[in-house]
Q: 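Okay, handing you the structure first.
Model, not experiment: these values are computed from the prediction. No hydrogens, no waters, no symmetry mates; every other heavy atom, side chains included, goes into these values.
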Amino acid sequence: MEDKTTDDDEQQSAVTTLIQAHDVTKDYHIGGLQVRALDNVSLSIGKGEFVALMGPSGSGKSTLLHLLGGLDRPTQGQVIFAGQEITALNPRGLSLYRRRRVGFMFQNFNLIGTLTALENVAFPLIFSGVPERERKARAARALVSVGLADRMDHRPTELSGGQQQRVAVARALVADAPLILADEPTGNLDTASGESIMQLLAELNQGGRTIVVVTHDPRMSRFASRSVQLLDGRITE
């Protein structure tokens, strides 16, 4: 009798894998020197996972996150999202991928200082052609979901660091993207605020979102379902 275990495993993997990096290398040229940020890295992330990319500064974790998000292209290798090779997309295709498939969070929040929390969250929807009324309604729902119902009309300077990062979480959610990528989202926060943000991401993960977080803080890894260690551009664990 033919053993179908291998075929079944491969089919299951194909169904559950959301995004993967396959033999990815990334080189930068700085001052005439070639710097290898990632060295032949392969990583698969399943639908509904919460993955923490960990390692010291310069280990390549942010570079890997940027490649997964389509913010940069690898020197060699492939990045595949839901069966589509995003590294083969043209600039417009990459822009659509980032807009529709990925929600981004950054250490410095990247909020627009002249806009309210509601306007900051609604802003990315302008580029998707969403009508103003719907933009505001979706942004308001996203802010309520992160516990900022009473801060919608406040500008970034009127919010604490933790509240600003919650606005950034709401902005990442508003497009209803299946993948959230967060680059050191707790780096500028005190311990209590940082844990609050990680708990919020864990709750979003429990609701079905796939989360990938870059962090150098081992205390934050306990919120993730899996930790991936990088060192000198390679996955070590």
Q: Donor-acceptor pair, distance only, cut-off 3.5 Å: does the side chain of Arg171 make one with the backbone of Phe109?
A: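 Between the backbone of Phe109 and the side chain of Arg171 there is a qualifying donor-acceptor contact (under 3.5 Å).
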
Q: Let's go through Leu201 and Phe50 carefully: what are the C-alpha distance in whole Å and the side-chain angles of both, what is the deciding distance for side chain to side chain contact (heavy atoms under 4.5 Å, CB included) to 0.1 Å, and is it a yes or a no?
A: CA-CA 9 Å; Leu201 291 175; Phe50 188 157; 4.1 Å; yes

Q: Please tell me whether Asn40 and Thr25 have a donor and an acceptor in their side chains that are separated by less than 3.5 angstrom.
A: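 Absent: no donor and acceptor within the cut-off.
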
Q: Run the side chain to side chain contact (heavy atoms under 4.5 Å, CB included) test on Arg98 and Ser95 for me, step by step, so that the C-alpha distance in whole Å, both residues' side-chain angles and the decisive distance to 0.1 Å come before the verdict.
A: CA-CA 5 Å; Arg98 292 191 297 265; Ser95 178; 3.9 Å; yes

Q: Look up atom CG in Asp72 and atom OG in Ser62, then write down how far apart they are to the nearest 0.5 Å.
A: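 If we round to the nearest 0.5 Å, Asp72:CG and Ser62:OG are 12.0 Å apart.
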
Q: Minimum heavy-atom separation for Ile197 to Arg166, with atom names?
A: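 Ile197 and Arg166 have their closest heavy atoms at CD1-CG, 3.7 Å.
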
Q: Could you go step by step and tell me if Leu143 and Arg151 meet the side chain to side chain contact (heavy atoms under 4.5 Å, CB included) rule?
A: CA-CA 8 Å; Leu143 285 167; Arg151 293 290 186 271; over 6 Å; no

Q: Checking Gln229 against Ile235 for the side chain to side chain contact (heavy atoms under 4.5 Å, CB included) test, could you report, in this order, the C-alpha distance in whole Å, the side-chain angles of both residues, the deciding distance, and whether it holds?
A: CA-CA 6 Å; Gln229 299 283 340; Ile235 292 176; over 6 Å; no

Q: How about Phe81 and Leu179: do any of their side-chain heavy atoms sit closer than 4.5 Å?
A: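 Side-chain contact under 4.5 Å: yes.
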
Q: Is the ring pair Phe104/Phe106 parallel, tilted or perpendicular, if the boundaries are 30 and 60 degrees?
A: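 Parallel, since the angle between the ring planes stays under 30°.
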
Q: Considering all heavy atoms of both residues, which atom of Leu159 and which atom of Gln164 are nearest to each other, and what is their separation?
A: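 Taking every non-hydrogen atom into account, O-NE2, 3.3 Å.
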
Q: Can you confirm whether Arg101 sits close enough to Ile86 that some side-chain heavy atom of one is under 4.5 Å from a side-chain heavy atom of the other?
A: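 A side-chain contact is absent here, since even the closest heavy-atom pair is not under 4.5 Å.
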
Q: Less than 4.5 Å apart, side chain to side chain, heavy atoms only: is that true for Met105 and Val169?
A: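 Result yes, sub-4.5 Å side-chain heavy-atom pair found.
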
Q: Return the CD to OG distance between Gln163 and Ser196, rounded to the nearest 0.5 Å.
A: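 With rounding to 0.5 Å, CD (Gln163) is 10.0 Å from OG (Ser196).
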
Q: Between Lys61 and Val213, is there a donor-acceptor pair closer than 3.5 Å when you use the side chain of the first and the backbone of the second?
A: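 Judged by distance alone, no pair lies under 3.5 Å.
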
Q: Val144 and Val130: same hydrophobic cluster, using ILVMFWY side-chain contacts below 4.5 Å?
A: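 In one cluster: yes.
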
Q: Give the minimum heavy-atom separation between Ala224 and Val51, together with the two atoms involved.
A: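 Closest heavy-atom pair between Ala224 and Val51: CB-C, 4.3 Å.
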
Q: Answer yes or no: is there a side-chain heavy-atom contact under 4.5 Å between Leu38 and Pro74?
A: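 SC-SC contact between Leu38 and Pro74 ruled out.
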
Q: Quick check: do Lys47 and Thr16 have side-chain heavy atoms less than 4.5 Å from each other?
A: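 A side-chain contact under 4.5 Å is absent here.
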
Q: Please determine which of Leu64, Leu43, Val214 meets the side chain to side chain contact (heavy atoms under 4.5 Å, CB included) test together with Leu230.
A: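 Only one of Leu64, Leu43, Val214 forms a side chain to side chain contact (heavy atoms under 4.5 Å, CB included) with Leu230, namely Leu64.
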
Q: Please give me the minimum heavy-atom distance between Glu158 and His154, naming the atom from each residue.
A: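 Closest approach of Glu158 to His154, heavy atoms only: OE1-CA, 3.3 Å.
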
Q: Leu181, Met220: one ILVMFWY side-chain cluster at the under-4.5 Å cut-off?
A: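 Leu181 and Met220: separate clusters.
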
Q: Under 3.5 Å, is there a donor-acceptor pair linking the side chains of Thr75 and Arg36?
A: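 On atom types as modelled, these side chains do not qualify, holding no pair under 3.5 Å.
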
Q: Looking at every non-hydrogen atom in both residues, tell me the closest pair between Gly162 and Leu189 and how far apart they are.
A: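 Residues Gly162 and Leu189, closest heavy atoms: N-CD2, 3.6 Å.
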
Q: Show the nearest heavy-atom pair for residues Arg73 and Thr87, with the distance to one decimal.
A: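 Answer, listing the atom of Arg73 first, then Thr87: NH1-O, 3.0 Å.
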
Q: Indicate, with yes or no, if Leu118 and Ile112 share a hydrophobic cluster defined by side-chain heavy-atom contacts under 4.5 Å among Ile, Leu, Val, Met, Phe, Trp and Tyr.
A: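 Different clusters: Ile112 never reaches Leu118 through Ile, Leu, Val, Met, Phe, Trp or Tyr contacts under 4.5 Å.
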
Q: Taking Thr210 for its side chain and Gly48 for its backbone only, find out whether a donor-acceptor pair lies under 3.5 Å.
A: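 Yes, Thr210 side chain to Gly48 backbone: donor-acceptor pair under 3.5 Å.
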
Q: Rounded to the nearest 0.5 Å, how far does CG of Leu68 lie from CD1 of Ile19?
A: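 Nearest 0.5 Å value for the CD1-CG distance: 4.5 Å.
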
Q: So which of Thr186, Asn188, Asp183 actually passes side chain to side chain donor-acceptor pair (under 3.5 Å) with Gln107?
A: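 For Gln107, the side chain to side chain donor-acceptor pair (under 3.5 Å) test succeeds with only one of Thr186, Asn188, Asp183, which is Asn188.
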
Q: Between Leu67 and Ile45, is there shared hydrophobic-cluster membership here, with clusters defined by ILVMFWY side-chain heavy atoms closer than 4.5 Å?
A: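 Looking at the clustering, Ile45 is in the same group as Leu67.
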
Q: Which pairs pass salt bridge (Lys or Arg N to Asp or Glu O under 4.0 Å) with one or both residues in residues 218-236, sequence neighbours excluded?
A: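 Listed once each, the pairs are Asp39-Arg234, Glu49-Arg226, Glu195-Arg222, Asp217-Arg219.
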
Q: Using a 6.0 Å cut-off, check whether atom NE2 of His66 has over 12 heavy atoms from anything other than its own residue.
A: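 Count over threshold, so yes.
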
Q: According to a hydrophobic-cluster definition based on side-chain heavy atoms being under 4.5 Å apart (Ile, Leu, Val, Met, Phe, Trp, Tyr only), do Val24 and Leu94 belong together?
A: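 Linked within one cluster.
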
Q: Is the closest side-chain heavy-atom distance between Leu173 and Arg209 below 4.5 Å?
A: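 Heavy-atom side-chain distance check passes, below 4.5 Å.
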
Q: Side chains of Gln165 and Ser193: does their closest heavy-atom pair fall under 4.5 Å?
A: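 Contact flag for Gln165/Ser193 side chains = no.
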
Q: Measure the CD-CD distance between Gln78 and Gln84 for me, rounded to the nearest 0.5 Å.
A: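 Here the interatomic distance stands at 12.0 Å.
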
Q: Nearest 0.5 Å, what's the CZ-CG distance between Phe127 and Leu96?
A: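 Nearest 0.5 Å value for the CZ-CG distance: 13.0 Å.
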
Q: Does Met54 reach the side chain of Pro218, with side-chain heavy atoms less than 4.5 Å apart?
A: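 The answer is yes, as the side chains (C-beta and beyond) meet within the 4.5 Å cut-off.
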
Q: To the nearest 0.5 Å, tell me how far Ile211 CD1 sits from Phe223 CZ.
A: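 It is 13.0 Å, given to the nearest 0.5 Å.
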
